[in-house]
Amino acid sequence: MEVVTFGESMVLFSGDQNLPLEYVHQFNKQMAGAESNVAIGLAKLGHSVGWFSKLGQDAFGRYILQSVRGQGVDTSRCLFTDKAPTAVFFKERQSGGRTQVYYYRNQSAASLLKPEDLDESYLAQAKILHVTGITPALSPSCLELVLHAMDLAKRNHLSVVFDPNIRWKLWNRPDTKQILLELASRADYILPGLDEGEFLTGQKEPEGIAEELLKLGAKAVIVKLGKEGAYYQSSTEKGRVHSYPVQEIDPVGAGDGFAAGFISGLLRQEDLAMAVSRANAVGAIVVGVNGDTEGLPSDEELTLMMSGQVNYQNVKR
């Protein structure tokens, strides 16, 4: 196993028309979750990856497990519970490209995750642990699990990749910033968006954000800049990497694609600039397709994209 990650995945219902949800009568069912998105992205790029969660003992839980496992991800450590349901959420698309999501995940099955649910021997076999700022927002026990996992990763010499991935609808406690900075201080690589970096550091420019977060002890900070690409900085190098041309269809899932591409670069022992370029390419392909995981590319597709032989519009799927 090269990578281990964990977190909540939900059943996603998307309206079949670009209308406010109260006027939508039919929905398409999909599966989505930041960490499972990253796991699937890595598996499609040819890496061995494990993902675990706690799912409801219900049809939606079985659907999620089958969906993730069917993409080549190891789900052998997933747990089921009859004490809470699998979460769902709805995506509302309106004219002008505006997207709104509505979560129904309070007291879900995944919120019952706790430190005891992590098998240290399973984690220890990996090279990288990937965590986000979503899971610790679900419940106090989920926060304990994330901190425990990061500590075990350090003890077993894994690199830790942390994507703040702040969901403002989930973080409703006054110490949000303090908690996220505590998590960042345990990471080797930190992947904030520009607005997340500003929230965590008070800095508005990517250079200032990276400088502040590097003080926490990370090896490198990569600030995602959307259409402007990304900025990276370590103790020895820094720079900007261009974005790839993209016609945005669905922006949700782009950050997870970015994380999968970056981690893939780390596993391939690429330098920072190349790993970030790989991350940008995956993110660009993902936003050109409707759905969180449907646009995640194969290694062949990504290679063609990065070589300039094709663009996001004519990648074959």
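Predicted, not measured: the structure shown is a model, and the values here were computed from it.
The backbone N or O of A273 sits nowhere less than 3.5 Å from a side-chain atom of S277 that would complete a donor-acceptor pair. For the pair D58 (side chain) and P85 (backbone), a donor-acceptor distance under 3.5 Å is absent. A distance-only check finds no donor-acceptor pair linking the side chain of S264 to the backbone of A260 [under 3.5 Å]. Panel note: side chain T75, backbone C78; no donor-acceptor pair is recorded below 3.5 Å. Under a 3.5 Å cut-off, the side chain of E301 and the backbone N or O of S298 do form a donor-acceptor pair. At least one donor-acceptor pair closer than 3.5 Å links the side chain of S53 to the backbone N or O of G7. In terms of modelled atom types and a separation under 3.5 Å, the side chain of S108 and the main chain of A87 share no donor-acceptor contact. N280 places a side-chain N or O within donor-acceptor distance of the main-chain N or O of H242, the cut-off being under 3.5 Å. Formation of a donor-acceptor pair under 3.5 Å by the D271 side chain with backbone atoms of M274 is found in this model. Of the possible donor and acceptor atoms, one in the side chain of K169 sits under 3.5 Å from a partner among the backbone N and O of V101.
Ion pairing of R105 with E8 is present here, as a side-chain N (NZ or NE/NH1/NH2) and a carboxylate O approach within less than 4.0 Å. One finds no salt bridge joining D151 and K154 here, because no Lys/Arg side-chain nitrogen approaches an Asp/Glu carboxylate oxygen to under 4.0 Å. Between D195 and K224, no side-chain nitrogen of the basic residue sits less than 4.0 Å from a carboxylate oxygen of the acidic one, so the salt-bridge criterion is not met. Ion pairing between K44 and E300 fails under the 4.0 Å rule for side-chain N and carboxylate O. A salt bridge links R155 to E120: one of the charged nitrogens lies within less than 4.0 Å of a carboxylate oxygen. One finds a salt bridge joining D299 and R268 here, because a Lys/Arg side-chain nitrogen approaches an Asp/Glu carboxylate oxygen to under 4.0 Å. E182 has a carboxylate O that lies under 4.0 Å from a charged side-chain N of R186, or vice versa, which qualifies the two as a salt bridge.
In this structure, F80 and G56 approach most closely via the heavy-atom pair CD2-O, 3.3 Å. Annotation for P136 and T132: closest pair CD-O, 3.2 Å, computed over non-hydrogen atoms. Taking each heavy atom of L19 and V24 in turn, the nearest pair found is O-CG2, 3.7 Å. Heavy-atom minimum distance, W51 versus A39: CB-CB, 4.0 Å. Taking every heavy atom of both residues into account, H130 and A259 meet most closely at CE1-CB, 4.2 Å. L170 and A137 get closest at one heavy-atom pair: CB-CB, 3.8 Å.
Side chain to side chain, Y122 and D74 meet the donor-acceptor criterion of an N or O pair below 3.5 Å. When only modelled atom types and interatomic distance are considered, R167 and N165 share a side-chain donor-acceptor pair under 3.5 Å. Using modelled atom types and a 3.5 Å distance limit, the side chains of E198 and Q203 yield no donor-acceptor pair. With hydrogens and angles left out, the side-chain atoms of T81 and Q57 include no donor and acceptor closer than 3.5 Å.
Note: F162 and Y189 fail the aromatic proximity criterion, with ring centroids not under 6.0 Å apart.
Both tests do not hold together for K238 against Y231: distance to the six-membered ring centre under 6.0 Å, angle to the ring axis within 45°. F6 does not carry K54 over the face of its six-membered ring by the limits of under 6.0 Å from the centre and within 45° of the normal.
The shortest distance between side-chain heavy atoms of R240 and L225 falls below 4.5 Å. Between L214 and K219, every side-chain heavy-atom pair lies at or beyond the 4.5 Å cut-off.
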Test log, rule side chain to side chain donor-acceptor pair (under 3.5 Å), inputs Y102 and E92: CA-CA 8 Å; Y102 301 90; E92 177 183 75; 3.1 Å; yes
Verdict with reasoning, E207 to Q233, per side chain to side chain donor-acceptor pair (under 3.5 Å): CA-CA 8 Å; E207 294 84 356; Q233 186 170 334; over 6 Å; no
Intermediate values then yes/no, side chain to side chain donor-acceptor pair (under 3.5 Å), S9 and S36: CA-CA 7 Å; S9 291; S36 57; 2.5 Å; yes
Step-by-step ring-ring contact (aromatic ring centres under 6.0 Å, His included) determination, F199 to W171: CA-CA 13 Å; F199 171 72; W171 284 107; 9.1 Å; no
Salt bridge (charged side-chain N to carboxylate O under 4.0 Å, His left out) assessment of E144 paired with K114: CA-CA 7 Å; E144 292 174 9; K114 57 187 185 299; over 6 Å; no
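With F13 as the partner, the ring pair (Phe, Tyr, Trp, His ring centres under 6.0 Å) test is satisfied by one option alone out of F90, F89, Y103: F90.
Under a 4.5 Å side-chain heavy-atom criterion applied to ILVMFWY residues, the cluster that includes L79 comprises that residue alone.
Within a 6.0 Å radius of CD in Q26, no more than 12 heavy atoms belonging to other residues, nucleotides or ligands are found.
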